[in-house]
Amino acid sequence: MPMTIQETDPPVPPDARLPEAFYRQPPPRLARALIGCRLFVDGAGGRIVETEAYDADDPASHSFGGRTLRNASMFGPPGHAYVYRSYGLHWCLNVVCGTVPGGAVLIRALEPERGLDRMQARRGGLAPRDLCRGPGRLCQALAVTGALDGCSMSAPPFILAAPVEGVAAIAGRRIGITRGAETPWRFGLAGSRFLSRPLRD
DNA sequence: ATATCGATGCCCT
DNA sequence: GGGCATCGATATG
């Protein structure tokens, strides 16, 4: 008989919905606040361990040059998704936020907790550690595509829930950008093994 | 451990 | 045509 992993999913948080005001804060603050939150897409996902902030005054941000067809969701309501295609092949998920238009938080990594079997099936049977370690990998594991661009994070298929335990977040420089590289708007859960890379200044 | 490279879509000049 | 908010494979210390 083949060795199978029996899933022992922890319970879904009873009230997943975060208040609308939660998303009305500047991207760096929301990026920090999202560390430790739980993100599920159709029940698959886990604890967010890595984020990055972007805003309209930021040369690294897709919203920097103003509204276009691709970034239109960044100028829509806070608390909705901005999903874009990266390097022609990957998808990346952001949470739109801020007190002015053009802000978003990129979800870069999470610690898988629920739906391990589905995530592994989508990711070629990789170990849990490698399922959601990076924004493109995370979207593949959770089946996030452009079809979810503009959708509310407070409605199916999304669940985004506040942490149930204390969170120690640390900051560093963002990854994979050329402009605005000094800005320390990358946040990570201290000590997590599920980061895409260690946090660096 | 770090470095380099190719794949690939599409927005923008 | 240039430039990516990436990934996986390969090469080398």
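Because the structure is a prediction, the values reported are computed rather than measured.
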- Message: Please give me the minimum heavy-atom distance between A/N71 and A/Y82, naming the atom from each residue.
- Response: CA-CE1, 3.9 Å

- Message: Would A/S63 and A/Y54 count as a side chain to side chain contact (heavy atoms under 4.5 Å, CB included) here? Give the steps.
- Response: CA-CA 8 Å; A/S63 57; A/Y54 292 88; 5.9 Å; no

- Item | Point-to-point distance, once rounded to the nearest 0.5 Å, from CG of A/D149 to OG of A/S73 | 3.5 Å

- Near DNA chain C, which residues from residues 140-150 of chain A have a heavy atom under 4.0 Å away? none

- Query: Heavy-atom distance under 4.5 Å between the side chains of A/L39 and A/L93, does that happen here?
  - Reply: yes

- Task: Provide the full list of salt bridge (Lys or Arg N to Asp or Glu O under 4.0 Å) pairs with a residue in residues 99-111 of chain A, sequence neighbours left out, each pair given once.
- Result: A/R47-A/E111, A/E50-A/R108, A/E52-A/R108

- Task: Verify side chain to side chain contact (heavy atoms under 4.5 Å, CB included) between A/S196 and A/R186, making sure each step is shown before the conclusion.
- Result: CA-CA 11 Å; A/S196 67; A/R186 178 173 177 235; 3.7 Å; yes

Just list the side-chain donor-acceptor pairs under 3.5 Å for residues 121-144 of chain A, sequence neighbours left out, or say none.
residue, atom, partner, partner atom, Å
A/R122, NH1, A/A141, O, 2.7
A/R123, NE, A/L131, O, 3.2
A/R123, NH1, A/Q140, OE1, 2.7
A/R123, NH2, A/D130, O, 3.0
A/R129, NE, A/R193, O, 2.8
A/D130, OD1, A/R133, NH1, 2.6
A/R137, NH1, A/R133, O, 2.7
A/Q140, NE2, A/R122, O, 3.2

- Ring centroid separation A/Y84 to A/H62 under 6.0 Å: yes

Short N/O separations, protein against nucleotides 11-13 of chain C, under 3.5 angstrom:
none

- Message: What range of DNA chain B does chain A touch, first nucleotide to last, counting atoms under 4.0 Å from its heavy atoms?
- Response: B/dA7 to B/dC12

- Just call it for A/R123: base, sugar-phosphate, or nothing, with non-hydrogen atoms closer than 4.0 Å on any strand. sugar-phosphate

- Message: Nearest 0.5 angstrom please: A/R32 CZ to A/W185 CH2, how far?
- Response: 13.0 Å

- Query: How far does CG of A/L106 sit from CG of A/N94, to the nearest 0.5 angstrom?
  - Reply: 5.0 Å

- Test side chain to side chain contact (heavy atoms under 4.5 Å, CB included) on A/V83 and A/T145 and set out the steps. CA-CA 7 Å; A/V83 183; A/T145 72; 5.8 Å; no

- Selection: residues 98-110 of chain A, any non-hydrogen atom under 4.0 Å of DNA chain C: A/L106, A/R108

- OH of A/Y23 to NE2 of A/H80, rounded to nearest 0.5 Å, is 9.5 Å

- If one requires at least 3 consecutive Watson-Crick or G-U pairs with distances under 3.5 Å, the stems of DNA chain B turn out to be B:1-7 with C:6-12, B:9-12 with C:1-4

- Task: Rounded to the nearest 0.5 Å, what's the gap from CG on A/L148 to OG on A/S152? Could you check?
- Result: 11.5 Å

- Note on the structure: All heavy atoms of A/I107 vs all of A/T51, minimum pair found to be CD1-CG2, 4.2 Å

- Who pairs with A/R24 by salt bridge (charged side-chain N to carboxylate O under 4.0 Å, His left out), at least two apart in sequence or on another chain? A/E20

- Item | Euclidean distance, atom CZ of residue A/R197 to atom P of C/dC7 [Å, nearest integer] | 11 Å

- Task: Within residues 126-136 of chain A, find the residues that approach DNA chain C with a heavy atom at under 4.0 Å, and present them sorted by residue number.
- Result: A/G134, A/P135, A/G136

Review item, side-chain donor-acceptor pairs of residues 160-180 of chain A, under 3.5 Å, at least two apart:
residue, atom, partner, partner atom, Å
A/R173, NE, A/D201, O, 3.1
A/R173, NH1, A/E182, OE1, 3.4
A/R173, NH1, A/D201, O, 3.1
A/R173, NH2, A/E182, OE1, 3.4
A/R173, NH2, A/E182, OE2, 3.4
A/R174, NH1, A/A53, O, 2.9
A/R174, NH1, A/D58, OD2, 2.5
A/R174, NH2, A/D58, OD1, 3.2
A/R174, NH2, A/G180, O, 2.9
A/R179, NE, A/P59, O, 3.3
A/R179, NH2, A/P59, O, 3.0

- Item | Positions of residues 69-97 of chain A (non-hydrogen atom under 4.0 Å from DNA chain B), listed by number | A/R70, A/R85, A/Y87, A/G88, A/L89

- Could you say whether A/T178 or A/L138 is positioned toward the 5' end of DNA chain C, judged by the nucleotide with the nearest heavy atom to each? A/T178

- Item | Nearest heavy atoms of A/P101 and A/A56, plus distance in Å | O-CB, 3.8 Å

- Item | Residue pair A/G43 / A/R118: nearest heavy atoms and the distance that separates them | C-NH2, 3.8 Å

- Task: Nearest 0.5 Å please: distance from the CG atom of A/L34 over to the CZ atom of A/F187.
- Result: 10.5 Å

- Here the salt bridge (Lys or Arg N to Asp or Glu O under 4.0 Å) pairs for residues 61-88 of chain A, sequence neighbours left out, are none

